[in-house]
Amino acid sequence: MMKNILFFGDSLTAGYGLTDVTNQAFPGLIQQKINAAGLNYKVINAGVSGDTTRGGLARLDYWLSQPVDIFILELGINDAIRGVTPATIKQNLQLIINKVRAKYPEVKIALMGMQLPEFIPGRQIAEFSHIFSALAADNSIALVPFF
């Protein structure tokens, strides 16, 4: 039986600016590797350029209407750029994780970590950088520290 990998993120997932999103975006590249290896997985690209954790939370139910075996979560940087507090970003990401697990308790989750550019002032860089490692540890999920 074919298993689904849902890539849920922003422009990095969506493939913003690429000429061939299906084949050049991150999820498309993963699908090519899966196909080459003869694995029975289907990649679903649920990336929306400019999306935030709040936006992701609002659109999540639609994507959870189909079976999800692996959930790749890549959101948060657009929130930070818009001045959303690290605490709110973390809370929204946790709510996304909770919803996915509630619907599919056996799902495997991977979190794509983000880092803020150095020009962001104040404590926000340090607080933001800890969101992803803390969520990964608290939820026992895989982490790519800097996607």
**Fill in**
salt bridge (charged side-chain N to carboxylate O under 4.0 Å, His left out) filter on Arg59, not counting sequence neighbours, yields Asp51
**Item:** Euclidean distance, Met114 CE relative to Glu74 CD, rounded to 0.5 Å
**Value:** 3.5 Å
**salt bridge (Lys or Arg N to Asp or Glu O under 4.0 Å) partners of residues 61-70, not counting sequence neighbours, each pair once** = Asp61-Lys99
**Prompt:** Which distance, rounded to the nearest 0.5 Å, do you find between the CG of Leu29 and the CD1 of Ile34?
**Reply:** 11.0 Å
**Message:** I'd like to check the salt bridge (charged side-chain N to carboxylate O under 4.0 Å, His left out) partners of Asp20; sequence neighbours left out, ordered by chain and number.
**Reply:** none
**Request:** Would you check if Thr13 and Pro27 make a side-chain contact, meaning some heavy-atom pair closer than 4.5 Å?
**Result:** yes
**Message:** Gln91: which residues meet the side-chain hydrogen bond (donor to acceptor under 3.5 Å, both in side chains) condition with it, sequence neighbours left out?
**Reply:** none
**Nearest-0.5 Å distance, CD1 of residue Ile131 to CD1 of residue Ile89** = 4.5 Å
**Request:** Report yes if some heavy atom in the side chain of Phe128 is under 4.5 Å from a heavy atom in the side chain of Ile77; otherwise report no.
**Result:** yes
**Request:** Determine whether Leu60 and Leu12 fall in the same hydrophobic cluster, where Ile, Leu, Val, Met, Phe, Trp and Tyr are linked whenever their side-chain heavy atoms lie under 4.5 Å apart.
**Result:** yes
**Prompt:** Should Ile72 and Leu18 be counted in the same cluster of Ile, Leu, Val, Met, Phe, Trp and Tyr side chains packed under 4.5 Å apart?
**Reply:** no
**Fill in**
Looking only at heavy atoms, the pair that brings Lys42 and Met2 closest together is N-SD, 3.5 Å
**Asked** What are the two closest heavy atoms between Ser65 and Lys103, and how far apart are they?
**Response** CA-NZ, 4.3 Å
**Message:** According to ring pair (Phe, Tyr, Trp, His ring centres under 6.0 Å), who are the partners of Tyr104, at least two apart in sequence or on a separate chain?
**Reply:** none
**Item:** Side-chain touch Ile44/Gln66, heavy atoms, less than 4.5 angstrom
**Value:** yes
**Request:** Taking the side chain as every heavy atom from C-beta outward, state whether Thr52 and Val84 have any atom pair closer than 4.5 Å.
**Result:** no
**Request:** Taking all non-hydrogen atoms of both residues into account, name the closest pair between Ala25 and Ala14 and its distance.
**Result:** CB-O, 4.0 Å
**Message:** Could you report the tightest heavy-atom contact between Ser133 and Ser129, atom names first, then the distance?
**Reply:** OG-O, 4.3 Å
**Prompt:** Counting only N and O atoms by type, is there a donor-acceptor contact under 3.5 Å from the side chain of Arg101 to the main-chain atoms of Asn139?
**Reply:** yes
**Request:** Indicate the atoms forming the closest heavy-atom contact of Phe8 with Ile96, along with that distance.
**Result:** CE2-CD1, 4.4 Å
**Item:** Val144 side chain reached by Leu111 side chain, heavy atoms, under 4.5 Å
**Value:** no
**Prompt:** Are side-chain heavy atoms of Ile97 and Leu73 found at a separation under 4.5 Å?
**Reply:** yes
**Asked** Can you find a pair of side-chain heavy atoms, one from Thr19 and one from Gln24, that are under 4.5 Å apart?
**Response** yes
**Request:** Taking atom types as modelled, find out whether Asp138 and Gln94 have a side-chain donor-acceptor pair closer than 3.5 angstrom.
**Result:** no
**Prompt:** What's the shortest heavy-atom distance between Pro145 and Gln115, and which atoms?
**Reply:** O-NE2, 4.4 Å
**Message:** According to a hydrophobic-cluster definition based on side-chain heavy atoms being under 4.5 Å apart (Ile, Leu, Val, Met, Phe, Trp, Tyr only), do Phe146 and Leu116 belong together?
**Reply:** no
**Asked** Going only through I, L, V, M, F, W and Y residues with side-chain contacts under 4.5 Å, is there a path from Leu93 to Val48?
**Response** no
**Message:** I'd like to know if the side chain of Gln32 reaches the main chain of Asn23, judged simply by a donor and an acceptor atom lying under 3.5 Å from each other, with no hydrogens or angles considered.
**Reply:** yes
**Prompt:** Is the closest side-chain heavy-atom distance between Ile109 and Val107 below 4.5 Å?
**Reply:** yes
**Fill in**
Tested for ring-ring contact (aromatic ring centres under 6.0 Å, His included) against Phe147, the lone hit among Phe7, Phe132, Phe26 is Phe26
**Separation between NZ of Lys90 and CG of Leu135, rounded to the nearest 0.5 Å** = 5.5 Å
**Asked** Just how far is it from atom CG of Asn45 to atom CD1 of Ile5, taken to the nearest 0.5 Å?
**Response** 12.0 Å
**Item:** Residue of the set Ile30, Asn4, Ile70 for which side-chain contact (heavy atoms from CB on, under 4.5 Å) holds with Tyr41
**Value:** Ile70
**Item:** Which residues share a side chain to side chain contact (heavy atoms under 4.5 Å, CB included) with Asn35, sequence neighbours left out
**Value:** Gln31
